[in-house]
Amino acid sequence: MALIKCKECGKEISDTANECVHCGCPLGKVKFYTSNNWTGIASRYIISNNNGQVLAKLKGGEEFEINIDEDTKFYVRCNTTLSRKKHEVVAYACKINKFLVEITFMGASTRVSEIN
Ligand SMILES: [Zn+2]
């Protein structure tokens, strides 16, 4: 758990909270779901931030969740040898953002789609 600043009132709050305990402003939440239809040995879904820092390495069928307090860019790629395309996604503060990460054909391409 870490402390972050509420973007509305500027006070410190836990990054695991769903809303600011001081003013009630909802915190943005980002969830990545990975498709579970690929279990190949080389398949890992890698989620990194704007600074290139790896936030999570996921296998098929896993998920990753993080709270954000401002609009944030994420980068998603799969580390198969066939596809190293980086997908950029933007998650918005004050919104629950959900993204599905899939390998579409035998590791040949990856896809990231926003889901409801
Ligand atoms: Zn607040």
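Worth knowing before you read on, the calculation uses all heavy atoms, side chains too, and leaves out hydrogens, waters and symmetry mates. The shown structure was predicted, so the numbers you read here are calculated from the model rather than taken from an experiment. Ligands are counted one by one from 1 in listed order, and the atoms in each one are counted from 1 as well.
Among the backbone and side-chain atoms of Cys25, none of the N, O or S atoms lies under 2.8 Å from the Zn ion (ligand 1). The nearest N, O or S atom of His22 is not closer to the Zn ion (ligand 1) than 2.8 Å.
Around NZ of Lys95, the count of heavy atoms belonging to other residues, nucleotides or ligands within 6.0 Å exceeds 12. Other residues, nucleotides and ligands contribute more than 12 heavy atoms inside 6.0 Å of the CD1 atom of Ile4.
In terms of heavy atoms, Glu63 sits closest to Tyr33 at OE1-CE2, 3.4 Å.
Between Phe64 and Tyr45, a ring centre-to-centre spacing not shorter than 6.0 Å is recorded.
Seen from the Zn ion (ligand 1), atom SG of Cys6 and atom SG of Cys23 lie 110° apart in angle, a value rounded to 10°.
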